[in-house]
Amino acid sequence: MKMLAIYSIKGGVGKTASAVNLAALASQAGYRVLLWDLDPQAATTFYLRAKPKVRGGVDKLVKGKASFDKVIRTSETPGLDLLPASFGSRELDHLLEDRKLSRLRKILKPVHDDYDLVILDCPPSISTLSEHVFSSADALLVPVIPTTLSLRTLEQLREHLDDVDHACPVWPFFTLADRRKKLHLDVMATLSEDWPLMMTTTIPYASAVERMGLERAPVTQFARSSAAARAYRGLWQELEQRL
Ligand SMILES: Nc1ncnc2c1ncn2[C@@H]1O[C@H](COP(=O)(O)OP(=O)(O)OP(=O)(O)O)[C@@H](O)[C@H]1O
Ligand SMILES: [Mg+2]
């Protein structure tokens, strides 16, 4: 069971859109995928048409007492299951405070053999929860809008991970990129030099992705031949080679 976290300190950079699309592509490729919505905003849960509530409560989940049959939902995409967000995910942060690191991996132990890939959609912050993400995940996939500020946030993440001793590899990729903007092109060229693990696929700014909220489905399903769907397919292929 590989665990991939879609993470960024910054909000609104395309984490949720990427988590949903990549999870759908992985399941289409035959992987048994669990998408865990760790964000109390519950956008992933909404996109997959599920209700934002963990039956039995988050505390049971953290204590290892939850029955996964009740907690995990199937989605309309075959092979893709969802561990929904809960409005109590703030509570999740609190509950993890006294726990040893890598708790997220431990929580999923009962379903370890049921999934090939777990994708975590993370909220944008450095918190107790993110420390557990860093210590549990095999890699952090970090969406980056090609602007100067995003570069700074990525550096901040690198500095933070250098300070903690459970760091996992960081794989940045560009999202919401506009190749007509010189700044975007300049930043993309610079960053690729500094980050050798940078993914080579770029996700363009595309209105099809914005429509995910209306369609409540992965873009790869309702706009199969759009530029965005094509880009996400490219990103998934690259990821699959690294997993
Ligand atoms: N490639 C894209 N092209 C156009 N719009 C996009 C793209 N990716 C994401 N968006 C839009 O940008 C907004 C933020 O995207 P998303 O919710 O995926 O980001 P996020 O990083 O998960 O945000 P948060 O930090 O709030 O969880 C959404 O309205 C989404 O539809
Ligand atoms: Mg999100």
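Since this is a predicted model, take the numbers as computed values, not measurements. Note that the numbering runs from 1 along the sequence shown for the chain. Start at 1 and go down the list; that is how both ligands and their atoms are numbered. We use all heavy atoms of the structure for the numbers below, so side chains are in, but hydrogens, waters and symmetry mates are not.
- Atom 25 (O) of ligand 1 has as its closest protein heavy atom Lys15 NZ, 2.7 Å.
- Closest non-hydrogen pair, Ala223 versus Ala229, comes out as O-CB, 3.3 Å.
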Under the salt bridge (charged side-chain N to carboxylate O under 4.0 Å, His left out) criterion, do Arg158 and Glu155 qualify, and how do the steps go? CA-CA 5 Å; Arg158 170 142 68 187; Glu155 277 311 323; 2.9 Å; yes

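- No side-chain heavy atom of Phe173 sits under 4.5 Å from any side-chain heavy atom of Leu197.
- Listed by number with element, the atoms of ligand 1 under 4.0 angstrom from any heavy atom of Pro124 are 25 (O).
- The nearest heavy-atom contact from the protein to atom 6 (C) of ligand 1 is Leu176 CD2, 3.4 Å.
- Set against the non-hydrogen atoms of Asp39, the atoms of ligand 1 under 4.0 Å away are 27 (O).
- Judged by the 6.0 Å and 45° rule, Arg211 forms no cation-pi pair with Phe222.
- Between the side chains of Gln237 and Tyr232, not a single donor N or O lies within less than 3.5 Å of an accepting N or O.
- Ion pairing of Arg105 with Asp138 is present here, as a side-chain N (NZ or NE/NH1/NH2) and a carboxylate O approach within less than 4.0 Å.
- Each of the atoms 25 (O) of ligand 1 lies under 4.0 Å from some heavy atom of Gly11.
- Nearest protein heavy-atom neighbour of atom 17 (O) of ligand 1: Thr16 CB, 4.0 Å.
- Atom OG of Ser75 is separated from atom CG of Leu80 by 3.5 Å, given to the nearest 0.5 angstrom.
- Qualifying side chain to side chain donor-acceptor pair (under 3.5 Å) partners for Thr147, counting only residues two or more places apart in sequence or in other chains: Ser150.
- No side-chain heavy atom of Val33 sits under 4.5 Å from any side-chain heavy atom of Asp116.
- Protein N/O/S atoms found under 2.8 Å from the Mg ion (ligand 2), listed by chain and residue number: Thr16 OG1.
- From the protein, the heavy atom lying nearest to atom 9 (C) of ligand 1 is Val209 CG1, 3.7 Å.
- Ile126 contributes atom CD1, which lies 4.0 Å from atom CD1 of Ile9 (distance to the nearest 0.5 angstrom).
- Judged purely by distance below 3.5 Å, without hydrogens or angles, the side chains of Tyr31 and Glu240 pair a donor atom with an acceptor atom.
- For atom 12 (O) of ligand 1, no protein heavy-atom neighbour is present inside the 4.0 Å cut-off.
- Atom 28 (C) of ligand 1 is never approached by the protein to below 4.0 angstrom, counting heavy atoms only.
- Looking at Met212 against ligand 1, nothing comes within 4.0 Å, counting heavy atoms.
- At the shortest separation from atom 23 (O) of ligand 1 among protein heavy atoms lies Gly12 N, 3.0 Å.
- Remark: minimum distance from atom 18 (O) of ligand 1 to any protein heavy atom is reached at Ala17 N, 2.9 Å.
- Closest heavy-atom approach to atom 1 (N) of ligand 1 among the candidates Ala19, Gly14, Pro204: Pro204.
- Residue contacts with ligand 1, taken as heavy atom pairs separated by less than 4.0 Å, involve Ile203 solely via side-chain atoms from C-beta onward.
- The nearest protein atom to atom 31 (O) of ligand 1, hydrogens excluded, is given as Glu210 CA, 3.5 Å; this is a heavy-atom distance.
- In this structure, the side chains of Leu140 and Leu161 come closer than 4.5 Å at one or more pairs of heavy atoms.
- Heavy-atom contacts of Val13 reach the following atoms of ligand 1: 19 (O), 20 (P), 21 (O) (cutoff under 4.0 Å).
- A side-chain donor from one of Thr16 and Asp121 sits under 3.5 Å from a side-chain acceptor of the other.
- Proximity of Glu131 to His160: side-chain heavy atoms (C-beta onward) are separated by under 4.5 Å at one or more points.
- Here the heavy atom of the protein found nearest to atom 4 (C) of ligand 1 is Ala206 O, 3.1 Å.
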